[in-house]
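Computed from a predicted structure; not experimentally measured.
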Amino acid sequence: MANTPQAKKRIRRNARRADINHARISRIRTFVKKVEAAIDSGDKAAATAAIAAVQPELARGVAKGVLHKNTASRKFSRLTKRVSALA
């Protein structure tokens, strides 16, 4: 258990940051799911619009430090490839 005031403060801070970061990751996942749902339905217009919304969210996740740059790049690349494969 933390004994020093600074250690206690860090525990409180880490808990707050974990909640914020969890919300950010959850928001990104929601945007990705919208793209996947549009791909599954075969609607290229909706998928294109959804992927345009995903890109800034992934970039924001990288900027805020909740996603690694290569992870976001890989996710966006795979989604883009799936969207472009729609007829």
Side-chain angles (χ1 to χ4, degrees):
M1 183 61 204
N3 289 322
T4 65
Q6 183 60 35
K8 291 176 182 175
K9 182 178 179 179
R10 291 294 285 191
I11 289 171
R12 291 193 308 268
R13 180 194 155 284
N14 289 344
R16 273 197 312 270
R17 297 309 307 170
D19 290 342
I20 291 167
N21 289 340
H22 176 74
R24 285 190 176 125
I25 291 170
S26 178
R27 179 179 166 87
I28 291 168
R29 277 200 206 110
T30 301
F31 276 86
V32 170
K33 285 178 188 174
K34 287 179 184 177
V35 176
E36 290 174 343
I39 290 170
D40 290 341
S41 70
D43 188 358
K44 185 162 184 156
T48 305
I51 199 139
V54 163
Q55 199 276 331
E57 288 298 323
L58 288 172
R60 193 170 296 120
V62 171
K64 297 294 185 178
V66 295
L67 285 177
H68 191 273
K69 179 176 65 168
N70 291 353
T71 302
S73 179
R74 183 182 66 243
K75 286 179 184 293
F76 186 68
S77 174
R78 288 179 180 173
L79 286 173
T80 304
K81 190 162 45 169
R82 287 175 63 193
V83 169
S84 63
L86 288 175

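- Residues forming a side chain to side chain contact (heavy atoms under 4.5 Å, CB included) with Lys9 (at least two apart in sequence, or on another chain): Gln6, Arg12.
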Taking it one step at a time, do Arg24 and Arg27 satisfy side chain to side chain contact (heavy atoms under 4.5 Å, CB included)?
CA-CA 5 Å; Arg24 285 190 176 125; Arg27 179 179 166 87; 5.7 Å; no
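- To the nearest 0.5 Å, the span separating CG on Leu58 from OG on Ser77 amounts to 11.5 Å.
- Side-chain atoms of Thr48 come within 3.5 Å of backbone N or O of Lys44 as a donor-acceptor pair.
- Residues Ala46 and Ala38 approach most closely at C-CB, 3.9 Å, considering heavy atoms.
- Across all non-hydrogen atoms, the minimal contact from Ala2 to Lys8 is O-CE, 3.6 Å.
- Side-chain N or O atoms of Thr80 include one that pairs as donor or acceptor with a backbone N or O of Phe76 at under 3.5 Å.
- Counting heavy atoms from C-beta on, the side chains of Thr71 and Arg74 come closer than 4.5 Å.
- Side-chain contact between Lys64 and Ile25 is absent, with no heavy atoms from C-beta onward closer than 4.5 Å.
- The CD atom of Gln55 sits 11.5 Å away from atom CG of Leu79, with the distance rounded to the nearest 0.5 Å.
- Leu67 and Ala72 get closest at one heavy-atom pair: CD1-CB, 4.4 Å.
- No more than 12 heavy atoms of other residues, nucleotides or ligands lie within 6.0 Å of NZ in Lys75, so this atom counts as exposed by the packing criterion.
- Across all non-hydrogen atoms, the minimal contact from Lys81 to Ser84 is O-OG, 3.0 Å.
- The shortest non-hydrogen separation linking Leu86 to Gly42 is CD2-CA, 4.2 Å.
- Glu36 has no carboxylate O lying under 4.0 Å from a charged side-chain N of Lys33, or vice versa, which leaves the two without a salt bridge.
- Among all heavy-atom pairs drawn from Ala52 and Pro56, the shortest one is O-CD, 3.1 Å.
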